[in-house]
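See below for the structure under consideration.
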Amino acid sequence: MSLLIKNGEIITADSRYFADIFCEDETITRIDRNLAAPAGCEVIDARGHYVFPGFIDPHVHIYLPFMGTFSKDTYETGSKAAIVGGTTTLIEMCCPARSDDALASFDLWMKQAVGKSACDFTFHMGVTKFDDTTEQQLREIVARGISSFKIFLAYKGAFGIDDTELYRTLKLARELGVIVTAHCENETLVSERCKELLAAGKTDPAQHHESRPPRVEAEGVHHLMTFAELTGTATYIVHLSCQEALDEAIAARRRGVRVGIETLIQYLTLDKTYAEKPDFEGAKYIMSPPLRDARNQSMLWNGLRDGLIQTVATDHAPFDFENQKPMGKDDFTKIPNGIPSLEERVNLLYTHGVKTGKIDLHTFVNIASTQAAKLFGLFPRKGTIQPGADADLVIFDPNHRGTISAKTQSMNVDYSAFEGWPIEGRASVVTIRGQIAAQHGRFCGTFGRGKFLRRTPSHF
């Protein structure tokens, strides 16, 4: 099987040029001008289009038991949505509960994806406790090809770990060369503020933000950075949402703490007024950390532009508005957290970042693909266009104009957080290891073709 992409403008994190790309046996084998197609080769004319490396979402939830229910996507629907939107690699959070066995949970998450996903995938392994069996099991999981852990400094009693467990997890990660990704909020402050708000009869979705204002997130970052500094562990802050949290992370980085920072497409485009919509509509926009005041958006865009923030993810967690979000109709703490956005990340980032001049095309590729590949042990197999790299490619039409709607999305959820929003530009053709998997917004890939990506530990 071979594929030749001709006449496109290739754009990576650090280069921009016109050339043809020849792909064979799932990889890029030649890049040059005026390449001739051998017999039987499929040819795509990319004239007038950009050619990007396949995009990577470093933070998704496909299979997620949460608050007594389950997220709606499967690896069939989730990988389809990813590919249609230009994302060719998923890194899912494997999130066992504190009562679950780590190794059995890893096997369970693998079972959801293997033989079902249409795109390549890997996991961050959730560490939700650290008892007498945890260390041996985590060593085994790392040996199986996982090089990143996930910890929660929130969700007390469910996913959250205490300080002793935090210290032991970071120490083991440092020994193994594993990067630790972290949800940073102070769980005690969240828990106590929730109790106070409910006792005062404040139960609507808007109270979610008040239960965890920016300083609560900043305190979580500060806490993690103290432990990271004393253990020397490489860390990565997931879904950073506000100026206060960024200030804590950058202060630690200046002290020599190794920390990568992720923000989300939701924080760049939505603000807390969406979660304040009346008639329970705000429940569509409940996530943790919550959407913030709009003043934070320019700070996040500037942080991406200047290299202070490394990645843009989604924290994709789809829960239906009609029959799942209402679990919290009379108690905001029971609203399943998550804003579905896997399918729209690339389009929104291009429309609201590149087209408005907030970021350039190289930054676009860097924050949506290359940095995630480098941080999580996938580069240069993923995240760039060069001979030897996997032939995950996005032929992008900058002239496309469209509108986001739940009626046309591939995600298996009954609403869109961006209903009616216009987009400029779209993935015209998406390839997964040299095979066309989407064309003109329609999926044409193969379920089960996606591979588990084994990674070896390495610090950034």
(request) Count the heavy atoms of every other residue, nucleotide or ligand shown that sit under 6.0 Å from CZ of Arg30, and state whether that count exceeds 12. (result) no
(request) Could you verify whether a donor N or O on one side chain and an acceptor N or O on the other, from Arg455 and Ser148, lie under 3.5 Å apart? (result) yes
(message) Over 60° means perpendicular and under 30° means parallel, so tell me whether Phe364 and Tyr350 are parallel, tilted or perpendicular.
(response) perpendicular
(message) Under the criterion side-chain contact (heavy atoms from CB on, under 4.5 Å), I'd like the reasoning laid out for Thr235 against Arg258: C-alpha separation, chi angles, the key distance, then a yes or no.
(response) CA-CA 6 Å; Thr235 55; Arg258 292 182 293 171; 5.8 Å; no
(request) State whether Asp45 and Lys6 are salt-bridged, where the test is any N-O pair (Lys NZ or Arg NE/NH1/NH2 against Asp/Glu carboxylate O) under 4.0 Å. (result) no
(request) Measure centre to centre between the rings of His124 and Trp109, then say whether the value is under 6.0 Å. (result) no
(request) Would you check if Gln243 and Arg295 make a side-chain contact, meaning some heavy-atom pair closer than 4.5 Å? (result) yes
(message) Taking Asp360 first and then Arg16, would you say they form a salt bridge - that is, a charged N and a carboxylate O separated by under 4.0 Å?
(response) no
(request) Output yes when Lys451 and Glu26 qualify as a salt bridge under the 4.0 Å nitrogen-oxygen rule, no when they do not. (result) yes
(message) With side-chain hydrogen bond (donor to acceptor under 3.5 Å, both in side chains) as the criterion, how do His316 and Asp57 come out once you've worked through the C-alpha distance, each side chain's angles and the decisive distance to 0.1 Å?
(response) CA-CA 9 Å; His316 174 71; Asp57 194 331; over 6 Å; no
(message) Closer than 4.0 angstrom, basic N to acidic O: yes or no for Lys72 and Glu322?
(response) no
(request) Give a yes or no on whether the ring-centroid distance for Tyr75 and Phe447 is below 6.0 angstrom. (result) no
(request) Using the test ring-ring contact (aromatic ring centres under 6.0 Å, His included), find all partners of Tyr50 that sit at least two apart in sequence or belong to another chain. (result) Phe52
(request) Identify whether the distance between the nearest side-chain nitrogen and carboxylate oxygen of Glu76 and Lys80 falls below 4.0 Å. (result) no
(request) Please work out whether the ring planes of Tyr155 and His183 are parallel, tilted or perpendicular, with thresholds of 30° and 60°. (result) perpendicular
(request) Considering non-hydrogen atoms only, spot the tightest contact between Gly282 and Pro205 and give its length. (result) C-CB, 4.0 Å
(request) Could you point out which residue of His208, Glu185, Glu217 forms a side chain to side chain donor-acceptor pair (under 3.5 Å) with Ser288? (result) His208
(request) Give the ring-plane orientation class for Phe321 versus Tyr415, where under 30° counts as parallel, over 60° as perpendicular and anything between as tilted. (result) perpendicular
(request) Write out all pairs satisfying salt bridge (charged side-chain N to carboxylate O under 4.0 Å, His left out) with one or both partners inside residues 396-410, taking only residues at least two apart or from two chains. (result) Arg401-Glu424
(request) Evaluate the side-chain hydrogen bond (donor to acceptor under 3.5 Å, both in side chains) criterion for residues Thr363 and Arg305: first the C-alpha distance (whole Å), next the side-chain angles of each, then the deciding distance (0.1 Å), finally the verdict. (result) CA-CA 7 Å; Thr363 301; Arg305 181 198 63 203; over 6 Å; no
(message) Can you classify the ring geometry of Phe66 versus Phe319 as parallel (below 30°), tilted (30 to 60°) or perpendicular (above 60°)?
(response) tilted
(message) Ring of Tyr274, cation from Lys272 - is the NZ or CZ under 6.0 Å from the centre and inside 45° of the axis?
(response) no
(request) With side-chain hydrogen bond (donor to acceptor under 3.5 Å, both in side chains) as the test, would you mind laying out the steps for Ser2 and Glu24 before giving the verdict? (result) CA-CA 4 Å; Ser2 61; Glu24 193 170 24; 5.4 Å; no
(request) Could you verify whether a donor N or O on one side chain and an acceptor N or O on the other, from Thr89 and Asp120, lie under 3.5 Å apart? (result) no
(request) Indicate yes or no: at least one non-hydrogen side-chain atom of Ser428 is less than 4.5 angstrom from one of His400. (result) no
